[in-house]
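Accompanying notes for the structure given below.
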Amino acid sequence: MTFDQLSAHYHQPLFDLISESRAVHLSHWRGEEVQRCSLLSIKTGGCSEDCAYCAQSAHYSTAVEREELLSLENVLTAARRARSQGATRFCMGAAWRGVRDGSEKFERVLEIVREVSQLGMEVCVTLGEIGPVEARKLKKAGVTAYNHNIDTSPDFYPEIVTTHTFQNRLNTIAAVQESGMSVCCGGIIGMGESEADRLGMLEVLSNFDPPPESVPINCLMAMPGTPLADQPPVDIFELVRLIAVTRIALPKARVRLAAGRTRISREGQALCFFAGANSIFYGDKLLTAKNPAADVDVALLRELGLHIESKVTINDECLMTKE
Ligand code: SAM
Ligand code: SF4
């Protein structure tokens, strides 16, 4: 979609906008279904990059403690726990700029992916910058989706990150697309960007070919010690508008209400689901930040009459079931 088309959708009266996005949603998805993804940080903190929102950057003094790459055993324990709590997608994130074929850490990641992919959940990884060789090997090891967020508009990106470029991000995404893994790509709002930056980000996402399979919309978690520590929370109606326009622009993508849900009321989250969000991060911790407790989420989804999508694997056949 063009910027002008996105802007026209965005600026409708709110109820017209969410009626339209709901209709688009219902023509592509079961309206009552919400996917739950679990997220694990497999390597934490000490990152060389200077992303202004990130508590894992070594450039800032934050409360995050560094941890080396987790052992295969520890990752498997966390993945089994996530599955037993009902997660159907398991996402593993690493705080580093990227990984290269031939390195010991890449071999260890491949081994982790091979084992986790046997558990019957979709496997997603977010490992920063990779090229075509790494992408092919990850796909072969069993990765379903690769997350690599563009985070904001091309214009605003240099205000947020100086150690790599927006084009570096696009190059990784192209390598992922080429490998056949699905692309999970979205961004963050509440970093001081303008409305035009938010729509500019959606313009880039909506022109991906193929379109992203999932689009996380994060609200900034203002992390103490980072340059964005004092940013105010995102206005709920701005978030709902952005989710609705994302749903209209990318009808087949899972739109994920990602980081920042601890600062959104139950009513606010309900509006986001109505407007087109159909996936959440689930479990009380995101990579390093807080998330609503799993039982609080289950209670909210039940109260709204939303079904929790869960996947059961029997003799390697995946059956989608609902609670
Ligand atoms: N290092 C890899 C990378 O940069 O792609 C993967 C990990 S990184 C932590 C994954 C994503 O988490 C970022 O692209 C960003 O969208 C999101 N994120 C990180 N810190 C955040 C924060 N404080 N608030 C909201 N989203 C955040
Ligand atoms: Fe490093 Fe990723 Fe955090 Fe940027 S977002 S500092 S690349 S972990």
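Quick caveat: nothing in here was measured; it's all calculated off a predicted structure. As the structure lists them, so they are numbered: ligands from 1, and atoms in each ligand from 1.
- Both tests pass for Arg22 against the ring of Phe274: distance under 6.0 Å to the centre and angle within 45° of the axis.
- Atom numbering of ligand 1 starts at 1 in the shown order; those under 4.0 Å from a heavy atom of Met223 are 23 (N).
- Counting heavy atoms under 4.0 Å from ligand 2, residue Cys47 touches it through the side chain alone.
- Residue Ala95 places no N or O, backbone or side chain, under 3.5 Å from any N or O of ligand 1.
- Asn74 and Thr77 are not linked by any side-chain donor-acceptor pair at a separation below 3.5 angstrom, with hydrogens and angles left out of the test.
- Between Val234 and Leu242, every side-chain heavy-atom pair lies at or beyond the 4.5 Å cut-off.
- Close approach to Tyr53 involves these atoms of ligand 2, each under 4.0 Å from a residue heavy atom: 5 (S).
- Numbered from 1 in the order shown, with element, the atoms of ligand 1 that lie under 4.0 Å from a heavy atom of Asn149 read 11 (C), 13 (C), 14 (O), 15 (C), 16 (O).
- For Glu65, the CD atom sits in a loose shell: 12 or fewer heavy atoms of surrounding residues, nucleotides or ligands are nearer than 6.0 Å.
- The closest approach between a heavy atom of Cys219 and any atom of ligand 1 is below 4.0 Å.
- The shortest distance between side-chain heavy atoms of Glu159 and Asp197 does not fall below 4.5 Å.
- By the 4.5 Å heavy-atom criterion applied to side chains, Leu14 and Arg241 are counted as neighbours.
- Close approach of ligand 1 to Asn218 (heavy-atom distance below 4.0 Å) involves ligand atoms 16 (O), 25 (C), 26 (N).
- Taking all heavy atoms of Ala95, Cys51, Ser48, Gly46 into account, the minimum distance to atom 6 (S) of ligand 2 is reached by Cys51.
- Residue Trp96 approaches ligand 1 through these ligand atoms, each under 4.0 Å from one of its heavy atoms: 1 (N).
- The shortest N/O to N/O separation between Asn147 and ligand 1 does not fall below 3.5 Å.
- Under a 4.0 angstrom heavy-atom cut-off, Gly128 registers as being in contact with ligand 1.
- Here the side chains of Thr163 and His59 are in contact, with some heavy-atom distance below 4.5 Å.
- Short contacts between ligand 1 and Met221, defined as distances under 4.0 Å to a heavy atom of the residue, involve ligand atoms 22 (C), 23 (N), 24 (N), 25 (C).
- For the side chain to side chain contact (heavy atoms under 4.5 Å, CB included) criterion with Gln269, the lone passing option out of Leu300, Ile236, Ile280 is Leu300.
- At a 3.5 angstrom cut-off on N or O pairs, Ala94 counts as close to ligand 1.
- Of the heavy atoms in Met191, none comes closer than 4.0 Å to ligand 1.
- Defined by atom type and a distance below 3.5 Å, a donor-acceptor pair is present between the side-chain atoms of Arg256 and Ser279.
- Taking a 6.0 Å sphere around CD of Glu111, one finds it holds more than 12 heavy atoms contributed by other residues, nucleotides or ligands.
- Residue contacts with ligand 1: Glu49 is excluded, as none of its non-hydrogen atoms falls under 4.0 Å.
- Of the N or O atoms in Tyr53, one or more lie within a sub-3.5 Å distance of an N or O in ligand 1.
- Across Arg97, Arg169, Gln231, heavy-atom proximity to atom 4 (O) of ligand 1 is greatest for Arg169.
- Ion pairing between a basic and an acidic side chain is recognised when a charged N comes within 4.0 Å of a carboxylate O; Glu129 and Arg100 show such pairing.
- Backbone or side-chain N, O or S atoms of Cys54 reach atom 3 (Fe) of ligand 2 at under 2.8 Å.
- Classified by interplanar angle (parallel below 30°, tilted 30° to 60°, perpendicular above 60°), the ring pair Tyr157/Phe166 is perpendicular.
- Those atoms of ligand 1 with a heavy atom of Asp151 less than 4.0 angstrom away are 14 (O), 15 (C), 16 (O).
- Using a 4.0 Å threshold on non-hydrogen atoms, atom 2 (Fe) of ligand 2 does not count as touching the protein.
- Heavy atoms of Thr126 found under 4.0 angstrom from ligand 1 belong to the backbone as well as the side chain.
- Between Val161 and Asp151, every side-chain heavy-atom pair lies at or beyond the 4.5 Å cut-off.
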